[in-house]
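Both counts, for ligands and for their atoms, begin at 1 and track the order of listing.
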Amino acid sequence: MPSNKFVISKPKPSITKLPEQGRKKSDFIDDFKQYYVHLLGRDENCRSPYYAGEALSQAIRDRLMERWKNTHHTYKSNDCRRGYYLSMEFLMGRSLSNAMLNLGVTDTVTQAMYDLGIAIEELISSEQDAGLGNGGLGRLAACFIDSCATLQLPVIGYGLRYEYGMFTQTIVNGEQVEKPDHWLRHGNVWEIERLEYSHSIKFGGHTEIQTDENGIQRHCWMSTSNVLAVPFDTPIPGYQNGTVNSLRLWKAVATEEFNLDEFNAGDYAEAVAAKNTAENITMVLYPNDANENGKELRLRQQYFLASASLQDVLAHWVGGVHGHDFSRFAEKNCFQLNDTHPSIAIAELMRLLMDVHGLAWDQAWAITKNTMAYTNHTLLPEALEKWPVSLMQRLLPRLMEIIFEINARFMAEVAMHWPADNERLSRMSIIEEGDQQRVRMAHLAIAGSFSVNGVAQLHSQLLQHDLFKDFYDLWPHKFNNKTNGVTPRRWLAGCNPELAGLITETIGDKWITDLSELKKLQPYADNAQFRQRWRTIKQAAKQRLIDYKKRKHDSELHLNVEALFDVQVKRIHEYKRQLLNVLHVIHLYNCIKKGDADRVPRCVLIGGKAAPGYRMAKKTIKLINNVSNIINSDPEVGDKLTLLFLPDYRVSAMEKICPGADLSEQISTAGKEASGTGNMKLMMNGAITIGTLDGANIEIREQVGDENFFLFGLTEQQIEAKKAHYDPVEIINQDEDLQQVMHLLESGYFNQFEPGIFDDLINSIKSPHDPWMTVADFRSYIDTQKRVEDAYRDQDHWTKMSILNCASSGKFSTDRTISEYNREIWKLDPQPVKPR
Ligand SMILES: *Cc1c(COP(=O)(O)O)cnc(C)c1O
């Protein structure tokens, strides 16, 4: 393995000092040509947007490199306290346009490419999304590290470099078909492999207690199969501030010793084949959103991330000024766990501190529980991770011993607080008893950390008073809320340059790093000329969205840009209730068929991926497509109503979608959506929300005011109260509109050649045990949608509401979220970067 130091004999001219890279148009043209011709070996005849994009990316990356090194040296020389964001998912999307924006070179580079006869938009859209995440949780991690860099906080993102990211979704006969996303096939110009910082990760084997040369007993984890974790670093530029942080993603590589035994035994081919077992670990992202699936490979992934990242931090510690003195470790380091996925890190840090660095339990535990902080992302029971003890004993025997010990001490603490309360002990135990013992990862995460946060006010309240009530009673000081956000660089300045331009022209450009500035737009909602410009920009964005859809999927598409663009894009999940949206569309269709001509033209856009194993979600996609086929081809409907499914929803698609949305559908069953962030992106781009009192919708409504938000549906408390006597069939019988909608569905009108295929969906809606209570909110939803139509008829008033939504979205910047994490949890000092 290459070492990270090389010896240079004197005299030593600097081999790293380079002239500063220019930022003039001609500099970009020269560098572009250099890379296109000399690095990539292409010529005039090639003219491929892909290679041109790659050449330009190289030129842009060069300009990040010096800033990246300066940032690294600033942190190192200041020996500052640091944060680490551990996440199994980073849904980064594309990098080129974001890097240009944050470097402040977008206009110059656009001109440079134009002079070469190249449309920069083509280069930008030829880049593959880095789709290393499922949905909200993974995108949050990406927005967070953008804000950390912009706020100049010394934070590293640690994750996994999956060979295959989130699958590509295609639609065949109305059904989702998954295609593997081999995003690295053509290479990745944004990453740098750093073999010299590799670490070895143990699996399997057994444990023994041995006495070392000083007579001290040590736990040894032996006869393990080891896998090498190799880091790949991606630069994360702050917004025009000289800071470039790192996202460090681990790749699993077979170790040399891994093959050795079999190689010596003559089984060369077997040995080489065994590489797969090791390298499988980072082969593919599990495509389940808000759902645990309990596969052994997933636990391997989790431990691989936790162990590699902690070893990395400890190696940095030991190799730096502190050496083997850990007394100030907790003062200088802080780990944020993005859900329970990386929470095995709590046991792993104990193991590394005790077994590798020789600390005693109490010292190691003090460090662990003062450095770990846990973010919960869901209350859904099906998403809470519980690993079988038997699996953990086989795969991670030393970790299982440590978890048992943590639990024994934790149970003693609980028993001190509540003597002889055995029920509470078994409720709180990290080990769940039953025919199979399981490790409750959330309990481990709470016991082993100093901070536990939810991701919106309601969600945090429910954590304290419901899911984690026992823990809140014991440790109220650990619990806090951090309402999610999104980065305004990607989600307004980058994806909607026309609107961003109007905003900057009107209130200056401070909003890009202080989104609360947007409130200065408020008075302009009453300015007719401003409203006209706002509306023109929205209409142009709607037209671009139509063009995008046409180009991508449907060249025949005919859409009315004056129609209300009604958008629901997010993972397909029963709790998000795409079904409720479809019921409304069928209701509108029924109204049109009955001759109710007085409707506002509406285009309903639904997009999202279903987990490949999630039957109901896949059926929902099929239903959307079938209903879409019937409605869109019915001549009686014309352009009064269109339903479109947007295939392969992902970050780069959302960047096209949110500027062109009028109405944002946030219609989850109250109490089920922890926060939502799609709601924030859409609001920022001037869409008005129709939503339940769920997640961050509540705070969105608080910010924008009741009169600029379409509220409907039962509250979380009403949902809970209704559960015991929920009778959907009775509700259907009492509501003529709903009856007609159900009749259309049940008659097979939307599936004439495939009888019965929607029975599961129909039965779930009609079940008294439907946890999502779709039917309970139908009437309120339909009536509120009618109010939406009435509001949309008054275009001037609608535009005013649109402006006020954008103007009130300041709270939902991740700059605000991260400032709160930093003030209340991480306590890091911003580190202005010193040029060297
Ligand atoms: C923002 C975003 C999400 C999260 O959407 P929600 O509506 O909050 O569920 C999911 N996927 C992608 C690609 C996103 O950009």
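Taking the six-membered ring where the residue is Trp, the centroids of Y614 and H573 are separated by under 6.0 Å.
Of the listed residues (L682, V567, V788), just one forms a side-chain contact (heavy atoms from CB on, under 4.5 Å) with L663, and that residue is V788. Test N581, L588, L583 against V585 for side-chain contact (heavy atoms from CB on, under 4.5 Å) and you get one pass: N581. Between E655 and the options R650, K681, R490, R94, a side chain to side chain donor-acceptor pair (under 3.5 Å) holds for only R490.
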Check your understanding: Please walk me through it: do L285 and F167 pass side-chain contact (heavy atoms from CB on, under 4.5 Å)?
Key -> CA-CA 9 Å; L285 166 78; F167 63 82; over 6 Å; no
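A salt bridge is defined here as a Lys NZ or Arg NE, NH1 or NH2 lying under 4.0 Å from an Asp or Glu carboxylate O, and K618 with E175 fails to meet this definition.
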Name each N or O atom in ligand 1 that is under 3.5 Å from a protein N or O, and give the partner atom and the distance.
{"residue": "ligand 1", "atom": "7 (O)", "partner": "K570", "partner atom": "NZ", "Å": "2.7"}
{"residue": "ligand 1", "atom": "8 (O)", "partner": "T677", "partner atom": "N", "Å": "2.7"}
{"residue": "ligand 1", "atom": "8 (O)", "partner": "G678", "partner atom": "N", "Å": "3.0"}
{"residue": "ligand 1", "atom": "9 (O)", "partner": "K576", "partner atom": "NZ", "Å": "2.7"}
{"residue": "ligand 1", "atom": "15 (O)", "partner": "K681", "partner atom": "NZ", "Å": "2.6"}

